**Student:** 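Here it is: the structure, laid out below.
As the structure is a prediction and not an experimental result, all values here were calculated from the model.
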There are 2 protein chains.
Amino acid sequence: MDGGKDGTRGDVPGTRKRDPEAVRADIMAVAEAEFAKNGLSGGRIDEIAAKTRTSKRMIYYYFGDKNGLYRAVLEEAYRKVRLEEAELHLDDLEPIEALRQLAAFTFEHHRRSESFIRMVMIENIHSGAFLSQSTSIGDVNRPAIGRVAALLDRGKKAGVFRHEITPLTLHWLISAISYFNVSNRHTFGLIFGDALWTETEQVRLGSECAEIVLRYVLTTDALGDLHPSCADA
Amino acid sequence: MDGGKDGTRGDVPGTRKRDPEAVRADIMAVAEAEFAKNGLSGGRIDEIAAKTRTSKRMIYYYFGDKNGLYRAVLEEAYRKVRLEEAELHLDDLEPIEALRQLAAFTFEHHRRSESFIRMVMIENIHSGAFLSQSTSIGDVNRPAIGRVAALLDRGKKAGVFRHEITPLTLHWLISAISYFNVSNRHTFGLIFGDALWTETEQVRLGSECAEIVLRYVLTTDALGDLHPSCADA
DNA sequence: TAGCAAATGAACGAATTCGTACAAACCGGT
DNA sequence: ACCGGTTTGTACGAATTCGTTCATTTGCTA
């Protein structure tokens, strides 16, 4: 809709009372909280407007309609999360330690990104109807698989990772554990108790996540080196 | 205001008889589809009524209100699923094989219970607010953990399972993999492609699920017996 | 300073949608 | 056959809630 932006406008710091970008960001932050909490159908535009510094009129001015706002929030949530993930530098570490870090980091990161997880939950309820309209989402997420693939290759060449493991399946596994731990905390906790969701248990589960992944990926030999054979505890 | 009498209907015995249970079941089946597809806020009572053999009036007669219907559907979904799971007989198998079956079965079972998974997704969006009102839900699900605990004990006594593994964490792991495979199929597929969701790949993932669990639970020794040391493929 | 276009605010309209009032039909026992 | 309570159908009311209309304010330029 809006054509190019001309940088000559409002560059003087502090003088611009109008700040469309800040308003947009404000709306999206409020909207993310609302949608993450109540879903797309459950989220109320009036509620979002009330919690915003601006008014409902602006939501429609900037985002067109409710779905447009939801889409913008969804895409932004993915962008933020993947940017944070990209800060992990695995190339400096040897494969085994790098994999351990990747698993533990992903687990911890998901744990701290509850509203992102909830947006993904909601989008899956909608069968990905809105994500499928996004053109950028592939580019945003592809690097994640690339990093896993590079790491896997290094480990295989070093003879410590099993050749059967594929990047996609490995990513799938790490995601599953890290995601489920957040997405299903409520129902799981209600049925089996909240024992797993104390702070100390969560930290332990982060280690267990890495442990599960390592035991799955490592060759029998490499695993033997890591965990000397002792059947008892 | 159509006063006339219609004695022409209901001649066949059993067709037009009163059958409250069948009506209830009919409503709940339709409601499960509707809620699983569109969520609680997104689900429409009128839509459910239209697809039912009976009318909207009956929904309120039997279930009180929309939330009551949702609760009934949710509880019933859990009941059905757990009943099916209980049909697995693990006691006849040796621990390792039993664990493999448990993992593979759970994976396959979740895969075939999409609407149940979606109900759980929706309930987690609501932070378990409705499940927490259910009194029976604990009793329905507790046996699941009991079976896992018994199996773990047997394996530990036989010296093939690691002592560090707890029933809750093991159940958590198997659930995570099996659940995520269904719940996130759409977003994961849109981002990374549908390669994992062909029939053959899904069957393979079922085996991988068991493999992941076994490698996590088995002692180094037991694992070595199962997978003779060979670093290459 | 005046004027113009973009940005904003408040009130409103229209369409859904939940839930109910009322009335009619039905079944089983007496 | 009649009568009681139970089961069902229709129409409607009330409350939400999305999105818009219209007027106003604001920043920038001539």
**Student:** Among A:Glu108, A:Glu114, A:His109, exactly one meets side chain to side chain donor-acceptor pair (under 3.5 Å) together with A:Arg112. Which residue is that?
**Tutor:** A:Glu108
**Student:** By the 4.0 Å heavy-atom rule, please label A:Asp46 as base, sugar-phosphate, or nothing.
**Tutor:**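 Answer is base: heavy atoms of A:Asp46 come under 4.0 Å of a base.
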**Student:** Look at all strands and tell whether A:Gly43 reaches a base, only sugar-phosphate, or nothing, counting heavy atoms closer than 4.0 Å.
**Tutor:**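 If one applies the 4.0 Å heavy-atom cut-off, A:Gly43 turns out to touch the sugar-phosphate alone, with no base involved.
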**Student:** Send over the distance from B:Ile45 CD1 to D:dC12 P, rounded to a whole Å.
**Tutor:**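 One finds 21 Å between P of D:dC12 and CD1 of B:Ile45, rounded.
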**Student:** Quick one: A:Tyr61 OH to D:dC18 P, roughly how many Å, whole number?
**Tutor:**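 So the OH-P distance, A:Tyr61 to D:dC18, works out to 22 Å.
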**Student:** Could you work out which one of D:dT17, C:dG9, C:dC18 sits closest to the side chain of A:Ser55?
**Tutor:** C:dG9
**Student:** Is B:Arg44 close enough to C:dT16 that one of its side-chain N or O atoms is under 4.0 Å from OP1 or OP2 there?
**Tutor:**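 It does not, given that no N or O in the side chain of B:Arg44 lies less than 4.0 Å from OP1 or OP2 of C:dT16.
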**Student:** Nearest whole angstrom, please: distance from the P of D:dG9 to the CD1 of B:Ile59.
**Tutor:** 11 Å
**Student:** From CE of A:Met58 over to C1' of D:dG19, roughly how many Å is that when rounded to an integer?
**Tutor:**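 Rounding to the nearest Å, CE of A:Met58 and C1' of D:dG19 are 14 Å apart.
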**Student:** Looking only at the side chain of A:Tyr60 (C-beta and beyond, no hydrogens), which of the listed nucleotides D:dT8, D:dT20, C:dG19 gets closest?
**Tutor:** D:dT20
**Student:** If the cut-off is 4.0 Å, is B:Thr54 near the phosphate of D:dT7, judged by side-chain N/O to OP1 or OP2?
**Tutor:** no
**Student:** Answer yes or no: is there a donor N or O on one side and an acceptor on the other, between the side chain of A:Glu123 and the main chain of A:Leu131, under 3.5 Å?
**Tutor:**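 At least one qualifying donor-acceptor pair exists.
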**Student:** Which whole-number value in Å describes the distance from B:Arg24 CZ to D:dT6 P?
**Tutor:**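 Value for this atom pair: 16 Å.
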**Student:** Establish, from distance only, whether the side-chain atoms of B:Thr187 and A:Asn124 form a donor-acceptor pair under 3.5 Å.
**Tutor:**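 The answer is yes; a qualifying pair exists.
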**Student:** Does A:Lys66 make a side-chain donor-acceptor contact with the base of D:dG19, cut-off 3.5 Å?
**Tutor:**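 For A:Lys66, whose side chain was compared with the base of D:dG19, there is no donor-acceptor pair (under 3.5 Å).
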**Student:** Regarding C:dG19, can its base be found pairing with the side chain of B:Lys56 as donor and acceptor, where the two atoms are less than 3.5 Å apart?
**Tutor:**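 Yes, the side chain and the base share a sub-3.5 Å donor-acceptor pair.
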**Student:** In whole angstrom, give the distance that lies between atom CG of B:Asp65 and atom P of C:dT17.
**Tutor:**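 Whole-Å distance recorded here is 17 Å.
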**Student:** Which is more 5' along DNA chain D, the nucleotide nearest A:Gly42 or the one nearest A:Arg57? Just name the residue.
**Tutor:** A:Gly42
**Student:** Please report the distance, rounded to the nearest Å, between CZ in A:Arg53 and P in C:dA7.
**Tutor:**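 Rounded to the whole Å, the gap is 17 Å.
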**Student:** Go through the steps to decide whether A:Phe180 and B:Phe180 satisfy the test ring pair (Phe, Tyr, Trp, His ring centres under 6.0 Å), and finish with yes or no.
**Tutor:** CA-CA 7 Å; A:Phe180 180 88; B:Phe180 180 89; 9.3 Å; no
**Student:** Taking B:Glu84 first and then B:Lys80, would you say they form a salt bridge - that is, a charged N and a carboxylate O separated by under 4.0 Å?
**Tutor:** no
**Student:** Under 4.0 Å between a side-chain N or O of A:Tyr62 and OP1 or OP2 of C:dT8?
**Tutor:** yes
**Student:** Rounded to the Å, how far apart are A:Leu69 CG and D:dG19 P?
**Tutor:**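 The answer, rounded to whole Å, is 10 Å.
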